Amino acid sequence: MQSINILWFKRDLRLTDHVPLHRAIESGLPTLLLYIYEPSLVSAPEYDLRHWRFIWESLESMNQELKNYNTQVSIFHDEVLNVFHQLKDQFNITSVYSYEETGIKITHDRDKSVQSFCNAHKIKWQETQTNAVVRGLKNRTGWAKLWEKYINGSMVNPNLRKLKPIELPTMNCGYEIPASWKTPHAKFQKGGTATGLRYMQDFFQNRIHNYSQHISKPLESRRACSRLSPYLAWGNLSLRQVFMAQEDHKQTVKYKRNHHNFSSRLRWHCHFIQKFEMEDAMEFRNLNRGYNTLKRSENSEHFEAWKNGQTGYPLVDACMRCVTETGYMNFRMRAMMVSFLTQNLWQNWKDGATWLAQMFLDFEPGIHYPQFQMQAGVTGINTVRMYNPVKQSQDHDPQGIFIKQWIPELNNVPIQFIHEPWKMTSMEQTLYQFKLGVDYPKPIVPLAETAKIARDKIWAHRDDPIVLKEGKRILAKHTFRNRRN
DNA sequence: TGGTTATTAAT
DNA sequence: TTAATAACC
């Protein structure tokens with residue numbers, strides 16, 4: 001039997017700055033490049049067609065480049081262990097190389113079973129640290145230094161010329177790859193390193209000058225922000241690749257404020273993933289278990305209204321519809337959507353987190369859950385930020401252009417009512433041929449009242465002894481101790 | 001990178 | 001009376 005190594009791609013769909021691929025190639029053995037679509041992940045509620053499509057585009061982009069080296073990524077659609085078992089029957093597998101994944105429970109459990117499989121068959125599984133996320137830390141002491149070390153390290157570009165092609169026998173591995181995964185969709189960003197690089201170059205050359213000014217605006221942010229999030233989430237680009245490009249470009253401009261603001265957000269990226277890496281129960285439970293006793297309501301009608309953009313609050317509804325259609329939303333509006341669900345509608349964060357995971361093309365578990373819980377106010381260490389959608393609307397979409405783009409029912413509503421259509425009198429509704437409650441819903445909950453109730457409850461609960469005790473634990477584990485407060 | 005309300009300072 | 005600031009949720 002032929003001895004081979006396996007390079008198992010997960011959320012690292014690229015060929016540049018790829019340490020495991022480099023190590024696999026340099027080992028000297030022929031390396032099988034492998035990607036596996038897993039049915040158990042495909043059926044998980046966090047994932048959506050948009051993700052499988054993005055992955056397909058990423059793989060195609062890799063295979064396009066690999067043509068020059070007479071090889072391809074082998075793509076399967078079956079459970080990982082089934083694929084590994086069949087490969088083991090065909091080859092003498094020496095090592096499996098991959099990146100460490102900070103994922104949801106399904107992928108974590110799968111990794112544990114892969115580890116047992118490897119142990120049982122004397123296969124060495126060599127995992128490499130992903131970006132600046134460090135496995136096995138007990139607290140954050142020294143983590144900032146590790147981040148610096150990673151970000152200032154050199155890129156590791158594998159020598160693809162050394163790849164030795166492998167004849168793969170016909171294998172009976174699971175299912176066809178659905179045609180819908182291979183069909184591009186114009187409204188979503190296209191996957192692949194080449195596309196990611198084009199976004200990056202365009203950002204630094206043409207768009208970053210509006211970054212700080214437009215970052216909070218639902219419409220303008222779509223152009224002024226980098227739009228690199230899906231390429232980072234799926235590993236089309238490495239974090240330091242983006243960071244270094246930013247540093248290089250910063251040297252060429254006079255005003256560095258935008259670069260500074262952008263790079264500070266690149267810093268936050270690994271900070272949150274590290275938090276989830278060290279506290280993966282956040283996928284299911286409140287980080288601060290003191291909040292378990294603060295009960296939320298369960299109202300499926302409210303939840304459905306939120307999901308479908310039918311809450312009666314124009315900016316909330318526009319954002320929800322937009323993210324469903326396009327997979328992207330800027331940070332502030334994401335925070336507002338979550339704030340409305342968990343504070344005004346007083347719903348648990350879990351179902352909302354699952355839904356938006358599905359909708360965000362850039363779904364990154366390690367950022368998603370910590371952010372969601374912070375916004376839901378269940379960490380006990382962050383101040384609760386409750387967004388007023390009317391104020392956000394007046395501040396960041398004053399002309400209602402974004403709102404009207406996503407809520408055509410409001411097309412007839414004049415600008416003075418676009419943020420608060422419920423304030424139109426029946427005479428004005430007749431005048432503008434718009435009927436509240438017919439053309440567009442009345443607000444499903446009163447804004448000021450629900451906000452006050454939520455604020456009072458959340459803040460009263462801050463003094464709960466378990467919240468305080470947990471707060472201390474969380475601070476010690478997840479924040480930088482050498483800092484004051 | 002919140003919002004609301006009470007308090008104080010500035011006209 | 002209003003703008004700025006602090007306190008509180």
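The structure displayed is predicted, hence computed values, not measured ones. Letters A, B, ... mirror the listed sequences (proteins, then strands); counts begin at 1.
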Indicate, with a heavy-atom threshold strictly under 4.0 Å, whether [X] touches base, sugar-phosphate, or nothing.
X	answer
A/K391	sugar-phosphate
A/Q343	nothing
A/R265	base

[atom1] of [X] versus [atom2] of [N]: gap in Å, rounded?
X	N	atom1	atom2	answer
A/R455	C/dA7	CZ	C1'	13 Å
A/Y211	B/dT1	OH	C1'	11 Å
A/R385	C/dC9	CZ	P	19 Å
A/D456	B/dG2	CG	C1'	15 Å
A/M333	B/dT1	CE	C1'	11 Å
A/Q375	B/dG3	CD	C1'	13 Å
A/I453	C/dC8	CD1	C1'	18 Å
A/M337	B/dT1	CE	P	21 Å

A/R11 side chain to A/A233 backbone, donor-acceptor under 3.5 Å =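 Yes, A/R11 side chain to A/A233 backbone: donor-acceptor pair under 3.5 Å.
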ask   = Does A/K10 make a cation-pi contact with A/W8, if we ask for NZ or CZ under 6.0 Å from the ring centre and within 45° of the axis?
value =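 Checked: cation-pi criterion met.
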inquiry  = So, OP1 or OP2 of B/dT4: does either fall under 4.0 Å of a side-chain N or O from A/N388?
reply    =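 A/N388 to B/dT4 OP1/OP2: side-chain N or O found under 4.0 Å.
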query = Hey, are A/R50 and A/D362 close enough for a salt bridge, meaning a charged N less than 4.0 Å from a carboxylate O?
reply =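 Salt bridge: no.
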request  = For the pair A/E304 and A/K307, find out whether any cationic side-chain nitrogen is under 4.0 Å from an anionic carboxylate oxygen.
outcome  =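 Between A/K307 and A/E304 there is a salt bridge, with a charged N closer than 4.0 Å to a carboxylate O.
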